[in-house]
Protein chains: 2
Amino acid sequence: MAEAEAINVDLEIIVQGAQGRSKPELRLWLRMLSTTKLISQEIRRRLRAEFGATLPQFDLMAQLYREKDGLRLGELSKRTMVTNGNVTGLVERLEADGYVQRVTPDGDRRVTVATLTEAGMTLFAAMATAHEAWLQDMMADVDPRMTTALWSEIGTIKSSANNHLSGAAFE
Amino acid sequence: MAEAEAINVDLEIIVQGAQGRSKPELRLWLRMLSTTKLISQEIRRRLRAEFGATLPQFDLMAQLYREKDGLRLGELSKRTMVTNGNVTGLVERLEADGYVQRVTPDGDRRVTVATLTEAGMTLFAAMATAHEAWLQDMMADVDPRMTTALWSEIGTIKSSANNHLSGAAFE
DNA sequence: CAGGAATCTTTGACATTTCAAATATCTGCT
DNA sequence: AGCAGATATTTGAAATGTCAAAGATTCCTG
């Protein structure tokens, strides 16, 4: 009988015994990772099905949407946490589809600035609305107070991680 | 002078204004996503630098490590949350490197079972130890009580998401 | 103002990712 | 037996992802 059989048999079963034996940090990490993967995949599916777009495209357009003057590719790379080389291809495809425009400013010809076109803004606005609703839906069973608390607690994790990166010994 | 200039200018700045305007669920999601991305990238860098391995390879080997009898590719696919087609390639490369072995059982010739080789177990054991230490390091600034609490709270999110997937209308 | 260092983007080689279609094989039913 | 449908894996096309090296251009300094 089919059975839901969540695609999500888990991934939390990494490294250590079924559940108990591993250190709390590892357990937490595995759960964060699997949860994020689960939600990302769902969003990806829906973006594709309803808008024919990909998640990285959505991310990239989101950055441009709030910077009407556009962003240099390097800036885009940092904000989306995607490598430079990757941004090049992403922007190329979005440009081919007519959602993004590239311009080289007069001042500095090394630079490329990407901007959303009209079509891009229209598409993104629609996607953003749907995207927000999907998230509210997926988190419907979570107490709103927990949502807020989690936001701040995960901020602590993020800071901690940021302070312990390989190349980040700067104060 | 170089400046730390975290690769992490954020990604939380998606869709809505700098911080306030968006719904709590969206804010939480963006923060989860960026945090996970940050930590993943760090782990990837270190796996590559210290072991010449990739994160998906590590994940896959982790599953095989705790199932000495091996796993069918489909099972591996579910546990790693990676598509079937993807598992094929991952296993192929790991086999070429001598860390994994493929066998077709007599009973059912549709099936392929992957197992870790001796070399695979040795490598994975080393990686797992390092991996756990990296996580403890990256989460060093997080109160242990918070770590435990977060594990359970994120479990709530995961359940909620699981109950609101497109194709998961089962009870 | 020449030349090297710094900055920005692209390119190239690979690995990973997804989806859908194609292959194989097995199972159940008549 | 024989064939339709279910299972399991592979394949193929396209996008994304990383890193390192190459190209351009600008900046700085002697």
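Keep in mind that this is a model prediction, so the values were computed, not measured. Below, read A as the first sequence line, B as the second, and so on, with proteins coming before strands; counting in each chain starts at 1.
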Quick one: are [X] and [Y] in side-chain contact, heavy atoms under 4.5 Å?
| X | Y | answer |
| --- | --- | --- |
| B:Arg72 | B:Thr112 | no |
| B:Thr115 | B:Asp69 | no |
| B:Trp29 | B:Ser22 | no |

Spacing of A:Glu75 atom CD relative to C:dT9 atom C1', expressed in whole Å: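 Value for this atom pair: 15 Å.
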Between C:dA15 (P) and B:Leu60 (CG): distance, integer Å: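 Rounding to the nearest Å, CG of B:Leu60 and P of C:dA15 are 15 Å apart.
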With a 3.5 Å cut-off and sequence neighbours excluded, list the donor-acceptor pairs that the side chains of residues 93-100 of chain B form with protein atoms.
| from | atom 1 | to | atom 2 | distance (Å) |
| --- | --- | --- | --- | --- |
| B:Arg93 | NE | B:Gly89 | O | 3.2 |
| B:Arg93 | NH2 | B:Gly89 | O | 3.2 |
| B:Glu95 | OE1 | B:Arg102 | NE | 3.0 |
| B:Glu95 | OE1 | B:Arg102 | NH2 | 2.8 |
| B:Glu95 | OE2 | B:Arg102 | N | 3.2 |

A:Glu132/B:Arg27 ion pair, N-O < 4.0 Å: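 Between B:Arg27 and A:Glu132 there is no salt bridge, as every charged N stays at least 4.0 Å from the carboxylate O atoms.
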Lys/Arg-Asp/Glu bridge criterion (N-O < 4.0 Å) met for A:Glu153, B:Arg31: no
Nucleotides 16-23 of chain C: protein proximity per nucleotide (B base, S sugar-phosphate only, - neither; heavy atom, under 4.0 Å): BBBS----
A:Ser166 and B:Glu42: side chain donor to acceptor below 3.5 Å: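 Indeed, the side chains of A:Ser166 and B:Glu42 share at least one donor-acceptor pair under 3.5 Å.
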Sidechain-backbone polar pair: A:Thr129 side chain, A:Ala125 backbone, donor-acceptor under 3.5 Å: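 Confirmed, A:Thr129 side chain pairs with A:Ala125 backbone.
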Covered region of DNA chain D, 5' end to 3' end, by chain A [heavy atoms, under 4.0 Å]: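 Both ends considered, the range comes out as D:dA15 to D:dT26.
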Nearest-nucleotide 5' precedence on DNA chain C, A:Glu92 against A:Arg72: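 Going by which nucleotide is closer to the 5' end, it is A:Arg72.
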Side chain to side chain donor-acceptor pair (under 3.5 Å) pairs, two or more places apart, involving residues 83-92 of chain A: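 Side chain to side chain donor-acceptor pair (under 3.5 Å) check on residues 83-92 of chain A returns A:Ser77-A:Asn84.
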Below 3.5 Å, can you tabulate the donor-acceptor pairs from side chains in residues 50-57 of chain B to any protein atom, sequence neighbours excluded?
| from | atom 1 | to | atom 2 | distance (Å) |
| --- | --- | --- | --- | --- |
| B:Thr54 | OG1 | B:Gln57 | N | 3.3 |
| B:Thr54 | OG1 | B:Gln57 | OE1 | 3.4 |
| B:Gln57 | OE1 | B:Thr54 | N | 3.1 |

Selection: residues 96-115 of chain B, any non-hydrogen atom under 4.0 Å of DNA chain C: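 B:Gly107, B:Asp108, B:Arg109, B:Arg110, in order of number.
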